[in-house]
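Have a look at the structure below before the remarks.
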Amino acid sequence: MESQKRVDPDEKHNRHHDPAQRQGFGRRTTGGHHADSIRRSAKCRKSICVPLWRLFSYRRFMKLWSRFFIPTLKESPADAEITSHKLLLRAGLVRKLSGGLYTYLPLGLRALQKITQLCREEMDAAGAIELWMPHLHPAEFWQAGPRWAAAREIMYRADHAGDGRRGPRDPEFVLGPTHEEIITPLVKSELTSYRDLPKNFYQIATKFRNEIRPRYGLMRAREFVMKDAYSFDVDDEAAIRSYLAMKAAYAKFFARCGLKTISVEADTGVMGGSFSHEFMVPAEVGDDDVVCCEECGYAANREKATSGLVPADLVDAAPEGAFEEFPTPGVATIAALEAAPYGVPADRQFKTLIFMGDGRLFAVVLRGGDELEEAKLGALGFSLWRPATVEEIEPVMGAKPGSLGAVRGTIKNPDALAGVFADHAVRLIGNGVTGANKDGYHLRQVNVTRDLAITKYGDFRRVRVGEPCPKSGQPLQIRRAIEVGHVFKLGTKYSEKYGAAYTDDQKQSKLMVMGCYGIGISRTLQAVVEQCHDADGIIWPWNVAPYQVLVVLLDPQLPEAGELARKLAAAAEAAGADVLVDDRAERPGVKFKDADLIGVPLRITIGGRGLKEGVVEMKLRTEKAVEKVPLTEAEARVQAAVAAAQAAAKA
RNA sequence: CGGGGCGUAGCUUAGCCUGGUAGAGCGUCUGGUUUGGGACCAGAAGGUCGCAGGUUCAAAUCCUGUCGCCCCGACCA
């Protein structure tokens, strides 16, 4: 084989251990020149610096940039839009394979592993137990669960091998978007007694979701790393304890990642369940809106947020006389009815929307100026719903959208409606205008209480900026945010479906009460970058930095510089830091730019100039100032700086 | 899925409207000069112009289809 002829790399290095050999490099590669005068030439840099790492056997304990792989970019690829995505690419952390699919390069992987480890520590500390589940799921597990229909479209299918040979009895597979459907059957068969509970199982693994629109790099990917945990408790009260323990662990975890998060009340969405909180990172580029009150700390996802717009003591408006029809040819929008000659303000109009839910139509009534918050329809109990089509609406209502109303007696076939659900805010209208269920006509003097066929009031509208906080009454604000974690109290939705029950001390069989808890690990990575950067690059928080100390050798060809780098790197490592040494034959400017870009928290610069003065330089990525440290103190000072950073990161 | 935009060298892009030799910067390679915040000079390599049809004497350019990517909306960690 070829390898027999090849010289073993280590043996090759050993040849250069002799200092005399070291001296020889300059001469050998530069002909008759005096070694000193040409030692900084480009050629010399290359020929000398590469053997240098061999000379001192750095490799045993030093990670050398020249031997590593950090492909930094001066310019960001065109398909990156937001800062963190650009920086992930520019700092050589990730590369795109395809939309929503990314390769973690060595540096990115290290950061990801740091986050993973922090998460693991907090989960373990909170009493959760790590395991690992398959990510290829036989579809039958999902079919047996409560949300097969709803979750289907986000799941990747891996039905057959594609050779057409598999028979119809072979299972259909899906790639796991989450694991309730897998963990619950496991728990059902393994945990049977109240003595086994509580339990909380978690894993940190890849999830697959057929996102309708992957974007922003790792922020919304088709394949991503998630920590998912599932708690099982004997009753509601215990489940709440588990929930609160997870919520507390999450707060700790995000704090340790150096992330500022806010926890907000959230909608439970397709997960179902009784209540939930999301952990949000405020960011301009977030794809969630958080409604919050500076005054009292109320914070909720916009999907869930309410306001104090409708006073609790609001008195029903008295009718102004019988409602009457009036012609409105061609008027099909709120705006058109607002315009002349009608001049009906949007918030005096009843807006009627028709939806199809589980095979039946239902109506939602809002103020004309309000927007429906569709997620809030989840409270109505339909498992699936969508806006109804014109063809579905007309036979039931008697008119096309634009002329619809929920006025009793005007609906063509009221029995076909599963209900008329009105937002509380319509009560503010009192007497208003709405469609006559007759194309080209509207009704006025419609009284909410007397005329509308309301089945039930609820909160369906979207909160607007400046409305009073439901708690303090102060104006609400809305901020963009990135969701990085989500805790749900699930209740018995899954345990019931899969029969996850236990026997209590009265020999009674009872359903376990569940909770589930997710952290977007890869999303957290990007959120950190999004929150911690400046114009020059990433500013890693200490705990998630892929490397915490960077020793920059400006003159790597100087033996004394190499020797010093070795000492300082060893000192920093002994203090508990991860150290990278930039030994590349690059100009100082390039090295400094790269150092800032990859965002290592503590930079130690060793250059020929400083060595003559007898100093090395220390600089924190967060600070502008560079500190000159005498060589005699260098090791101790580096260790002290590492210790200080560690202490600060712990606090 | 609806709406908008873009596919030209590893990266950023010019050229396309008005068809006729594919151009630059960064990066890479060679030689030299430089050396503390992304150096300079000289030279070189690197392109099926996303793909497939069509129009034409001639297509990166015009037409049709298709694939991919990005942005806005609904969904989510």
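Any value given below was found using the heavy atoms of this structure, including those in side chains, with hydrogens, waters and symmetry copies removed.
Residue-level contact check: A/Ile482 touches neither bases nor backbone, having no heavy atom under 4.0 Å from any strand. Residue-level contact check: A/Gly607 touches the bases, meaning some heavy atom is under 4.0 Å from a base atom. If you check every strand for non-hydrogen atoms under 4.0 Å, A/Ala527 touches nothing. Across all strands, A/Arg95 comes closer than 4.0 Å to no nucleic acid atom at all (heavy-atom distances). Here A/Tyr517 lies out of heavy-atom contact (under 4.0 Å) with every strand. A/Val590 comes within contact range of at least one nucleobase, with a heavy-atom separation under 4.0 Å. Contact annotation for A/Ser76: backbone-only contact, meaning every heavy-atom pair under 4.0 Å involves sugar-phosphate atoms and none involves a base. Using a 4.0 Å heavy-atom cutoff across all strands shown, A/Asp288 reaches at least one base atom of the nucleic acid.
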Dump the pairs, protein N or O against N or O of nucleotides 22-28 of chain B, anything under 3.5 Å, distances to one decimal.
{"unit_1": "B/rG25", "atom_1": "N2", "unit_2": "A/Glu75", "atom_2": "OE1", "d": "3.2"}
{"unit_1": "B/rC26", "atom_1": "O3'", "unit_2": "A/Lys74", "atom_2": "NZ", "d": "3.3"}

Taking only N/O atoms, report every protein-nucleotides 66-69 of chain B pair under 3.5 Å with atom names and distance.
{"unit_1": "B/rC69", "atom_1": "OP1", "unit_2": "A/Ser98", "atom_2": "OG", "d": "2.9"}
{"unit_1": "B/rC69", "atom_1": "OP1", "unit_2": "A/Gly99", "atom_2": "N", "d": "3.0"}
{"unit_1": "B/rC69", "atom_1": "O3'", "unit_2": "A/Lys96", "atom_2": "NZ", "d": "2.9"}

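The same atom, P, is picked in B/rU34 and in B/rC70; the two are 47 Å apart, to the nearest Å. Rounded to the nearest Å, the gap between the P atom of B/rA58 and that of B/rA39 is 49 Å. Comparing the same atom, C1', in B/rA77 and in B/rC11 gives a spacing of 31 Å after rounding to whole Å. For B/rA45 and B/rC17, the P atoms lie 30 Å apart once the distance is rounded to whole Å.
The aromatic rings of A/Phe488 and A/His486 sit parallel, their planes meeting at an angle under 30°, below the 60° perpendicular limit. Classification of the A/Phe421-A/Phe460 ring pair by plane angle, with boundaries at 30° and 60°, yields perpendicular. Using a 30° and 60° split on the angle between ring planes, A/His137 and A/His179 fall in the perpendicular class, above 60°.
Regarding A/Leu101, its CG atom lies at a distance of 16 Å from the C1' atom of B/rC70, rounded to whole Å. Taking atom CG of A/Leu353 as the reference point, atom P of B/rA74 lies 15 Å away to the nearest angstrom.
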Test log, rule salt bridge (charged side-chain N to carboxylate O under 4.0 Å, His left out), inputs A/Asp594 and A/Arg584 = CA-CA 11 Å; A/Asp594 272 348; A/Arg584 293 174 302 164; 3.1 Å; yes
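Defined by atom type and a distance below 3.5 Å, a donor-acceptor pair is missing between the side-chain atoms of A/Glu278 and A/Ser276. For the 3.5 Å distance criterion, the side chains of A/Gln526 and A/Arg523 fail to qualify, holding no donor opposite an acceptor.
Within 6.0 Å of CD on A/Glu121 lie more than 12 heavy atoms contributed by other residues, nucleotides or ligands.
Between A/Asp370 and A/Arg464, at least one side-chain N (NZ, or NE/NH1/NH2) sits under 4.0 Å from a carboxylate O, which counts as a salt bridge.
The backbone N or O of A/Glu530 sits less than 3.5 Å from a side-chain atom of A/His533, completing a donor-acceptor pair.
A stacked arrangement is assigned to A/Phe224 and the six-membered base ring of B/rA77, with a centre-to-centre distance below 5.5 Å and an interplanar angle below 30°.
Taking the six-membered ring for Trp and the full ring otherwise, A/Phe279 and A/Phe254 have centroids separated by under 6.0 Å.
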